[in-house]
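Atoms within a ligand are numbered from 1 in the order they appear, just like the ligands themselves. The structure presented is a predicted model; accordingly, all values stated were derived computationally and were not measured.
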Amino acid sequence: MTKIAVIGGGASGLACAIEIMHTVGQKSDVEVTILEKLPRVGKKILVTGNGRCNLTNMNSAVSGYRGDTAFSRFALQEYTPQKNIEFFNGLGLYTRTEDEGRVYPLSNQAASVLDALRFECDRLGVKTICDYRAVHLKTVDTGVTTKIVINNRDRFDYVVVACGGKAAKMHGTDGDGYDMLKMFGHTIISPAPALVSLNCEDFTKALKGVRSICKTDLIIDGKKEYENYGEVQFTDYGLSGIPIMQLSRFVSVSPSNNIEISLDVTPDFTKEQIFGYLISRRNVDTGLCENLLSGIMNKQLCITLLKECGVAVNQRVNNLSDAEIERIAKIVKEWRIKVKNSRSFDYAQVTAGGVDCKEFNAETMESRFVKNLFCCGEILNIDGDCGGYNLQWAWSSGRLCGKTIGERINNAQNQ
Ligand SMILES: Cc1cc2nc3c(=O)[nH]c(=O)nc-3n(C[C@H](O)[C@H](O)[C@H](O)COP(=O)(O)OP(=O)(O)OC[C@H]3O[C@@H](n4cnc5c(N)ncnc54)[C@H](O)[C@@H]3O)c2cc1C
């Protein structure tokens, strides 16, 4: 009997277990066991995409990933978004593609993605042991073969570590996988929260709940490093929303404590157009400044920006000086907000950093240090953009890992 353990019944682990069985066929002498720490598998899948599961992105390409992107290339090319959609179609799950290539299940329910995976595991005879926390790995030489032993007790021919990273530990992921891989001498690149909101200094709580389409620039030590665009959400602690979350991993990994976000809250207008707008309002408007910008942005945002640039909100628009108009035009296009840090792993969707991919083979996902030990998913030093990229990586790396193990078993049995 060939025994395979998949540690972690998350997205990549489930995909891996299924792919092993698809590759070997239902051989009676192959046993795949998923060892899951929580009372049930796939808990995190249920909360993805706000409960809708953005399961991949049709535009997914290596450029949408950070960390060891060269390593990710092979798996992403072998298992493209289209191939992963066909994989799910084969499990009876159909999808719809929405804006920016985001793919969701037709049911609009993340639960149906998990069900498709669970039911396929059941059909293929994959064993699942829940409430099993793997904490220790070692190898033993039986004289005939080398086995990998989990928790000094359970012996397997192949082990896949699919424990995820450190983000969102309420869904089972707290970095256990890193500790186990360290036992074999693997290197862990310092994990940091990614796809997370930002804590900002002296942030005005009055803006809580306001949303605004913005161009967002990340400024580190006075230099613009990255930019994004989309709906920014103002919260009581700072900034959130997709464009902010996309930039957050760079905040998390930066050693600098001089980090700012520069918001252009009117990206549809040039600075000259804003300037012209303000002059024209001054010529005709005898009302209070608190309403000066409410024709082009949220009123509370207008009040905040005026206060930030030192313009009294209760003065008359037609009394604004040229210098005040200059200051307003500047802050509207370039509102600098000092960032304290990114929020913690508890609030993050993914992990930047993780297991050093150089110590694994990109075409098989096998450890270069320990034969028959594999890794897949977020545990590796690869993190993707928002919009289905991270699950795309989980399916692709998990399936590649599963195919490698399945083919190796087939080859051994054909010899
Ligand atoms: C709120 C939220 C929303 C998200 N939305 C999306 C989205 O819409 N689209 C997208 O692409 N990505 C999304 N992601 C990211 C995506 O869910 C992850 O990148 C992906 O699930 C990673 O897959 P994985 O298999 O590597 O790890 P996980 O899915 O995290 O699974 C790891 C599993 O291992 C188990 N485990 C951990 N340690 C042990 C141990 N010691 N022993 C046994 N079992 C263990 C855990 O309990 C868990 O079940 C979201 C993440 C969060 C938190």
Side-chain angles (χ1 to χ4, degrees), residues 5-17 33-57 60 64-65 67 75 81 84 98 101-105 108 110 113-114 117-118 128-137 150-151 154 159-181 183 193-197 242 245 343 345-352 354-355 365 375-399 401-402:
V6 178
I7 306 178
S12 67
L14 290 164
C16 175
T33 307
I34 295 176
L35 304 172
E36 168 54 49
K37 175 159 73 177
L38 297 181
R40 59 175 299 181
V41 296
K43 197 168 166 238
K44 192 184 284 176
I45 294 174
L46 296 175
V47 298
T48 57
N50 284 325
R52 291 175 65 214
C53 186
N54 179 190
L55 71 150
T56 185
N57 192 300
S60 165
Y65 294 86
N84 286 333
E98 299 189 1
R102 292 162 186 254
V103 178
Y104 293 89
N108 258 332
V113 176
L114 177 57
L117 295 163
R118 279 195 313 118
T128 303
I129 303 178
C130 290
D131 295 312
Y132 183 115
R133 180 177 177 214
V135 290
H136 191 271
L137 288 179
I150 303 178
N151 291 356
D154 302 311
V159 168
V160 179
V161 184
C163 293
K166 282 187 86 170
K169 70 168 179 283
M170 63 290 224
H171 302 300
T173 37
D174 55 7
D176 271 351
Y178 305 141
D179 294 336
M180 283 188 277
L181 288 162
M183 293 170 190
L195 294 187
V196 69
S197 314
I242 290 174
M245 289 167 74
R343 296 193 93 201
F345 278 114
D346 287 349
Y347 303 95
Q349 290 197 0
V350 292
T351 311
V355 178
M365 313 299 288
C375 256
C376 56
E378 198 180 304
I379 191 167
L380 288 155
N381 174 28
I382 291 157
D383 56 294
D385 283 348
C386 209
Y389 289 75
N390 290 291
L391 283 173
Q392 169 62 19
W393 169 246
W395 315 132
S396 299
S397 58
R399 292 183 66 198
C401 201

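Annotation: side-chain hydrogen bond (donor to acceptor under 3.5 Å, both in side chains) contacts of Thr128 (sequence neighbours excluded): none. For Ser396, the side-chain hydrogen bond (donor to acceptor under 3.5 Å, both in side chains) partners are Asn84, Gln392, not counting sequence neighbours.
Of all heavy-atom pairs between Ala348 and Pro193, the closest is CB-CB, 3.8 Å. Between Leu38 and Cys130, the shortest heavy-atom distance links the atoms O-CB, 3.3 Å.
For Asp131, the CG atom sits in a packed shell: over 12 heavy atoms of surrounding residues, nucleotides or ligands are nearer than 6.0 Å.
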Taking a 3.5 Å cut-off between nitrogen or oxygen atoms, can you list every pair linking ligand 1 to the protein, with distances?
unit_1: ligand 1; atom_1: 5 (N); unit_2: Gly49; atom_2: N; d: 3.2
unit_1: ligand 1; atom_1: 8 (O); unit_2: Gly49; atom_2: N; d: 2.8
unit_1: ligand 1; atom_1: 8 (O); unit_2: Asn54; atom_2: N; d: 3.3
unit_1: ligand 1; atom_1: 9 (N); unit_2: Asn54; atom_2: O; d: 2.9
unit_1: ligand 1; atom_1: 11 (O); unit_2: Gly388; atom_2: O; d: 3.4
unit_1: ligand 1; atom_1: 11 (O); unit_2: Asn390; atom_2: N; d: 3.3
unit_1: ligand 1; atom_1: 11 (O); unit_2: Leu391; atom_2: N; d: 2.7
unit_1: ligand 1; atom_1: 19 (O); unit_2: Glu378; atom_2: OE1; d: 2.7
unit_1: ligand 1; atom_1: 25 (O); unit_2: Ala11; atom_2: N; d: 3.3
unit_1: ligand 1; atom_1: 25 (O); unit_2: Ser12; atom_2: N; d: 2.8
unit_1: ligand 1; atom_1: 25 (O); unit_2: Ser12; atom_2: OG; d: 2.7
unit_1: ligand 1; atom_1: 26 (O); unit_2: Glu378; atom_2: N; d: 2.8
unit_1: ligand 1; atom_1: 29 (O); unit_2: Ala11; atom_2: N; d: 3.4
unit_1: ligand 1; atom_1: 30 (O); unit_2: Lys44; atom_2: NZ; d: 2.7
unit_1: ligand 1; atom_1: 41 (N); unit_2: Ala134; atom_2: O; d: 2.7
unit_1: ligand 1; atom_1: 41 (N); unit_2: Asp176; atom_2: OD2; d: 2.8
unit_1: ligand 1; atom_1: 42 (N); unit_2: Ala134; atom_2: N; d: 3.0
unit_1: ligand 1; atom_1: 44 (N); unit_2: Lys37; atom_2: N; d: 3.1
unit_1: ligand 1; atom_1: 47 (O); unit_2: Glu36; atom_2: OE2; d: 2.6
unit_1: ligand 1; atom_1: 49 (O); unit_2: Glu36; atom_2: OE1; d: 2.7
unit_1: ligand 1; atom_1: 49 (O); unit_2: Glu36; atom_2: OE2; d: 3.3

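For the salt bridge (charged side-chain N to carboxylate O under 4.0 Å, His left out) condition, the pairs that include at least one residue of residues 162-176, sequence neighbours left out, are Lys37-Asp174, Lys37-Asp176, Arg133-Asp176, Lys169-Asp346.
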